[in-house]
Amino acid sequence: MGAVIYFSGIVRGKEGAAQISAIDYEAFHKMAEHQFHLLFDEMRKRWPIESVRLVHRLGVVRVGEPSLWVEIIAPHRAEAFAACQWLIDEMKRVVPIWKKPVLIQ
């Protein structure tokens with residue numbers, strides 16, 4: 001394989017116009033796992049992916065900390081980048097993970 005892509009999604013200090021200190025993530029675990037497996041299967045149909053690993057944290061994640069980590073291994077960088085972008089976009093669209101901003105008091 002010729003490309004390994006790592007992506008870390010870091011919690012920003014703003015959610016919309018509000019200043020926040022963290023994001024509290026919740027998920028419907030069984031459905032989230034099911035949706036992730038469907039996405040991984042679809043991704044492998046679209047690109048020649050050798051490996052995909054993904055971690056999405058749950059609970060309170062403070063500003064500046066990673067909430068999402070993705071690793072994609074593919075033959076070429078274009079495929080790896082495209083697959084990573086697609087996976088993150090689709091994950092946000094269909095996986096039941098909800099975020100609640102923790103406002104600065």
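The analysis underlying the following values was restricted to heavy atoms, covering all of them including side chains, and did not include hydrogens, waters or symmetry mates. In this chain, residues are counted from 1 in sequence order.
Closest approach of Met31 and Pro96 over heavy atoms only: CG-CG, 3.6 Å. The two residues Ala22 and Val60 make their nearest non-hydrogen contact at CB-CG1, 3.7 Å. Among all heavy-atom pairs drawn from Val102 and Asp24, the shortest one is CG2-N, 4.2 Å. Residues Gln35 and Val95 come closest through the heavy atom pair CB-CG2, 3.9 Å. Shortest non-hydrogen contact noted between Ser67 and Val11 is CB-CG2, 4.1 Å. What you find for Phe28 and Trp98 is that their closest heavy atoms are N-CZ3, 3.5 Å.
Rounding to the nearest 0.5 angstrom, the gap separating the OH atom in Tyr6 from the CD1 atom in Ile73 is 6.5 Å. In this structure, NZ on Lys99 lies 14.0 Å from CD on Glu26, to the nearest 0.5 angstrom. Within the model, atoms CD of Glu42 and NZ of Lys45 stand 5.5 Å from one another, a figure rounded to the nearest 0.5 Å. Rounded to the nearest 0.5 Å, atoms CD1 (Ile97) and CG (Leu68) are 8.0 Å apart. Going from atom CD1 of Ile72 over to atom CH2 of Trp47 covers 8.5 Å, rounded to the nearest 0.5 Å. Interatomic distance, CD1 of Ile23 versus NZ of Lys100, reported as 12.5 Å (0.5 Å rounding).
Around CZ of Arg44, the count of heavy atoms belonging to other residues, nucleotides or ligands within 6.0 Å exceeds 12. No more than 12 heavy-atom neighbours from other residues, nucleotides or ligands sit within 6.0 angstrom of CZ on Arg62.
Using a 4.5 Å cut-off on side-chain heavy atoms (C-beta onward), Leu39 and Met43 make no contact. With a 4.5 Å cut-off on side-chain heavy atoms, His56 and Met91 count as touching.
The hydrophobic clustering, which links ILVMFWY residues whose side-chain heavy atoms are closer than 4.5 Å, places Leu54 and Val94 together. Hydrophobic clustering, with ILVMFWY side chains joined whenever heavy atoms are under 4.5 angstrom apart, keeps Leu38 apart from Ile49. Cluster membership check: Leu58 shares its hydrophobic cluster with Val63, using side-chain heavy-atom separations under 4.5 Å among Ile, Leu, Val, Met, Phe, Trp and Tyr. At a threshold of 4.5 Å between side-chain heavy atoms, the hydrophobic network of Ile, Leu, Val, Met, Phe, Trp and Tyr places Val61 and Ile104 in two separate groups. No path of Ile, Leu, Val, Met, Phe, Trp and Tyr side chains, each step under 4.5 Å between heavy atoms, connects Ile10 with Ile5, placing them in separate hydrophobic clusters.
Relative orientation of the Phe40 and His37 rings is perpendicular, given thresholds of 30° and 60° on the angle between their planes.
Counting only distance, with no hydrogens or angles, the side chain of Arg57 and the backbone of Pro66 share a donor-acceptor pair below 3.5 Å.
Residues Lys30 and Glu33 are not paired through a salt bridge, judged by the lack of any N-O separation under 4.0 Å between the basic side chain and the carboxylate.
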Does the pair Gln85 and Phe7 meet the rule for a side-chain contact (heavy atoms from CB on, under 4.5 Å), with working shown?
-> CA-CA 9 Å; Gln85 178 84 42; Phe7 174 84; over 6 Å; no
